[in-house]
Amino acid sequence: MRSSTNFYRLLVIVFLLTSCSRDEVVDQGVSDQQGKISSKALKQIGTGVMMQAFYWDVPAGGTWWNVVKEKVDGWSNVGIDAIWLPPVSKAQNGPFSMGYDPFDYYDFGEYDQMGSIETRFGSKLELEALITAAHNNRLSVIADIVINHNSGGDLEMNLFTGTNTYTDYNPMSGLFERTQYDFHPNDLYANDTGVFGGFADLSHRKSYVQDWLWKKPNSVAKYYKNIMKFDGWRFDYVKGFEPWVAKEFNQAVGGFAVGEYWDSNVNTLAWWTDQAQMSAFDFACYYRMKDAFIGNNLNALSDDMLWKRNATRAVTFVANHDTDEIINNKILAYAYILTHEGYPAIFYRDYEHWLDKSKMNNLIWIHNNLAEGNTTNLWTDNDEYIARRNGSGDSNGLVVYINNSDSWQERWIQTNWSSKVIKDYTGHSSWQPTTQAGKWVKIQAPPRGYSVWSLK
């Protein structure tokens, strides 16, 4: 009798659980996870520096999440406030993919499909351990979201093209299955703003696609934010869809968001950030720095850039996984973005492999402790650039002097400080001059180098 009673109790419990929708179960987990995230007291994104925690073709074999996990403590200690990860879900090229050919948005390295269980970077458990370690070190974790295109679908006869297309998606997670009706062309829409290569192009105006990307309780957006605990988004190839798509995705879950609108036209970047209501990588700044440091003409730094239009919407960078053209004088480019307005991102290989890490750490410290207030240009010519950050609140600001010539240079400049001793916080100059009553002072910078001055 006792075992029979327990059996019926078990049946009731199973019935109650199965009568709840999957979305309701996920939603309950969402609340629990949100509490865990908020208790971590993460650094405010934008108060420090972002680390792009990967490069193209990082070592395969499922080790990368563990490599990054061992670095988050040190990165946090030197002033990093967020890490940007590559696309984390299973892609068509399985163990060899960098993630930009997404297949199953919910396979983080646990299903045997596309030639592997793990992704190139590791398993789901290892990804979760990395995110937990980052949060324990007060770092936000930014997910690279690829929602323009998909890859790896099976062939099906396409009613809208009259040919066979790879548009039949049956991921092992069982979530966000897709067919020809979810890509362009379909029964309602022929195309959107752009396609990427020969990949299947998601149709974001379809309600089914919107539901799975950001509207459902277990949508990609909400699953990544509430279950996987991501804190922000880097939207890949936003030229491929209208700005409202990224805007609605981000509004569904919140968090920091930046779009990859690869265009040097500052007007276009400003338009996109206004429409999408989020940040963009400052490609205008990138290409002006390329002109300045590769073209050996610092006058290019006087041209317009996104950070000059709206610094709160500009993510500045010197290199990333797609483009690394500023080879000569690269540390000067970092001296520029880490002393100027905008939210600077530094590239993993520059920090860990190619540049002087002590100099990079020094510039990160300068950014986090001295680089406050708006910017005033003090001098620009072919070889020299001097600018003043005017400070705000308790910050005294700074003066940065970039010298692209082959010899030491000196300039008289006007500071914000009257009768004060200043010093070069990079240690490149040993001078400790006193500013005049009228705030003028002479400073110097080393050949192919820089100095950063503030109150002693």
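Phe160 has its ring centre no less than 6.0 Å from the ring centre of Phe183.
For residues 271-283, the set of pairs meeting the side-chain hydrogen bond (donor to acceptor under 3.5 Å, both in side chains) definition, not counting sequence neighbours, comprises Gln277-Arg313.
Side chains of Gln113 and Phe103 form a contact here, defined as non-hydrogen atoms less than 4.5 Å apart. Proximity of Val88 to Trp65: side-chain heavy atoms (C-beta onward) are separated by under 4.5 Å at one or more points. At a threshold of 4.5 Å between non-hydrogen side-chain atoms, the residues Arg389 and Glu341 count as touching. Two residues are said to be in side-chain contact when any heavy atoms from C-beta on lie closer than 4.5 Å; Trp244 and Arg205 meet this criterion. Between Asp381 and Glu384, the closest side-chain pair of non-hydrogen atoms falls below 4.5 Å. A 4.5 Å side-chain heavy-atom check between Met98 and Phe121 finds at least one atom pair inside the cut-off. Under the 4.5 Å side-chain criterion, counting only non-hydrogen atoms from C-beta, Leu202 is in contact with Asn150. At least one side-chain heavy atom of His367 sits less than 4.5 Å from a side-chain heavy atom of Pro344.
Between the Lys359 side chain and the Ile331 main chain, no donor and acceptor come within less than 3.5 Å of each other. The closest donor-acceptor contact from the side chain of Trp233 to the backbone of Gly254 lies under 3.5 Å. Arg138 contributes a side-chain N or O that, together with a main-chain N or O of Ala41, makes up a donor-acceptor pair within less than 3.5 Å. A distance-only check finds no donor-acceptor pair linking the side chain of Asp168 to the backbone of Leu155 [under 3.5 Å]. Looking only at distances, a side-chain donor or acceptor of Gln180 sits under 3.5 Å from a matching main-chain atom of Met157. Side chain of Asn186 to main chain of Tyr189: a donor-acceptor pair is present (N/O by atom type, distance under 3.5 Å, no hydrogens or angles). The backbone N or O of Val253 lies less than 3.5 Å from a partner atom in the side chain of Lys225, making a donor-acceptor pair. A donor-acceptor pair under 3.5 Å is formed between the side chain of Lys206 and the backbone N or O of Tyr181. Under a 3.5 Å cut-off, the side chain of Asn137 and the backbone N or O of Ala133 do form a donor-acceptor pair. Panel note: side chain Lys43, backbone Ile80; a donor-acceptor pair is recorded below 3.5 Å.
Judged purely by distance below 3.5 Å, without hydrogens or angles, the side chains of Ser151 and Gln92 pair a donor atom with an acceptor atom. There is no side-chain donor-acceptor pair under 3.5 Å between Asn158 and Asn164. No hydrogens or angles considered: a donor-acceptor pair under 3.5 Å links the side chains of Asn296 and Asn404. Side-chain atoms of Glu325 and Tyr286 include a donor-acceptor pair closer than 3.5 Å. For the residue pair Asn297/Asn299, the side-chain donor-acceptor check at 3.5 Å is satisfied. For the residue pair Glu242 and Thr193, no side-chain donor N or O sits within less than 3.5 Å of a side-chain acceptor on the partner. Side chains of His149 and Asp101: no donor on one and acceptor on the other come within 3.5 Å.
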Point to revise | Trace of the side-chain contact (heavy atoms from CB on, under 4.5 Å) decision for Ile366 with Thr426 | key: CA-CA 8 Å; Ile366 286 170; Thr426 71; 4.0 Å; yes
Point to revise | side-chain contact (heavy atoms from CB on, under 4.5 Å) between Tyr334 and Leu355, intermediate numbers included | key: CA-CA 10 Å; Tyr334 275 108; Leu355 298 180; 3.7 Å; yes
Check your understanding: What's the verdict on side-chain contact (heavy atoms from CB on, under 4.5 Å) for Ser203 and Asp182, showing C-alpha distance, side-chain angles and the deciding distance?
Key -> CA-CA 6 Å; Ser203 184; Asp182 307 311; 5.9 Å; no
Exercise for review: Kindly determine whether Phe235 and Phe249 satisfy ring-ring contact (aromatic ring centres under 6.0 Å, His included), including the steps that lead there.
Suggested key: CA-CA 10 Å; Phe235 290 94; Phe249 185 108; 5.2 Å; yes
Exercise for review: Go through the steps for Leu139 and Leu42 under the test side-chain contact (heavy atoms from CB on, under 4.5 Å), then give the verdict.
Suggested key: CA-CA 6 Å; Leu139 298 180; Leu42 304 181; over 6 Å; no
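Ring geometry, Phe347 versus Tyr55: the interplanar angle exceeds 60°, so the pair is classed perpendicular (tilted spans 30 to 60°). Using cut-offs of 30° and 60° on the angle between ring planes, the pair Tyr223 and Tyr106 is perpendicular.
A pairwise comparison of heavy atoms in Pro87 and Val146 identifies CG-CG2, 3.8 Å as the closest pair. Here the closest heavy-atom approach between residue Tyr105 and residue Ile147 is recorded as OH-CA, 3.7 Å. The two residues Ala345 and Val315 come nearest to each other via the heavy atoms CB-CG1, 4.1 Å.
Of the inter-residue distances, the one linking Asn390 atom CG with Thr376 atom OG1 reads 4.0 Å to the nearest 0.5 angstrom. Here the CG atom belonging to Asn377 is positioned 7.5 Å from the NZ atom belonging to Lys308, to the nearest 0.5 angstrom. With rounding to the nearest 0.5 angstrom, the OG1 atom of Thr323 is 10.5 Å from the NE2 atom of His321. The line from CD of Glu156 to OG1 of Thr167 is 3.5 Å long, rounded to the nearest 0.5 Å.
With sequence neighbours excluded, the residues forming a ring-ring contact (aromatic ring centres under 6.0 Å, His included) with Trp56 are Tyr100, listed by chain and number. Applying the salt bridge (charged side-chain N to carboxylate O under 4.0 Å, His left out) criterion to Asp291, with sequence neighbours excluded, gives Arg288. Take His340 and apply the ring-ring contact (aromatic ring centres under 6.0 Å, His included) test, not counting sequence neighbours, and it matches Trp307, Tyr336, Tyr385.
For Asp107 and Lys90, the salt-bridge test passes: some basic side-chain N is under 4.0 Å from an acidic carboxylate O. Between Asp350 and Lys330 there is a salt bridge, since at least one side-chain N of the basic residue sits less than 4.0 Å from a carboxylate O of the acidic one. Salt bridge Arg178/Asp104: absent, no basic N to carboxylate O contact under 4.0 Å.
Of the residues listed (Tyr348, Phe230, Phe281, Tyr343), the one engaging Trp84 in a ring-ring contact (aromatic ring centres under 6.0 Å, His included) is Phe281, and it is the only one.
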Validation: residues 256-268 side-chain donor-acceptor distances under 3.5 Å, sequence neighbours left out:
from: Glu260; atom 1: OE1; to: Tyr237; atom 2: N; distance (Å): 2.8
from: Glu260; atom 1: OE2; to: Arg234; atom 2: NH2; distance (Å): 3.4
from: Trp262; atom 1: NE1; to: Tyr287; atom 2: OH; distance (Å): 2.9
from: Asp263; atom 1: OD1; to: Asn265; atom 2: N; distance (Å): 2.8
from: Asn265; atom 1: OD1; to: Asn267; atom 2: N; distance (Å): 2.8
from: Asn265; atom 1: OD1; to: Thr268; atom 2: N; distance (Å): 3.3
from: Asn267; atom 1: OD1; to: Arg309; atom 2: NH1; distance (Å): 3.3
from: Asn267; atom 1: OD1; to: Arg309; atom 2: NH2; distance (Å): 2.6

In residues 66-75, what donor-acceptor pairs under 3.5 Å come from side-chain atoms, sequence neighbours left out?
from: Asn66; atom 1: ND2; to: Glu126; atom 2: OE2; distance (Å): 3.3
from: Lys71; atom 1: NZ; to: Glu352; atom 2: OE1; distance (Å): 3.4
from: Trp75; atom 1: NE1; to: Glu352; atom 2: OE2; distance (Å): 2.9

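In this structure, Lys216 is positioned above the aromatic face of Trp212, its NZ or CZ under 6.0 Å from the six-membered ring centre and within 45° of the axis.
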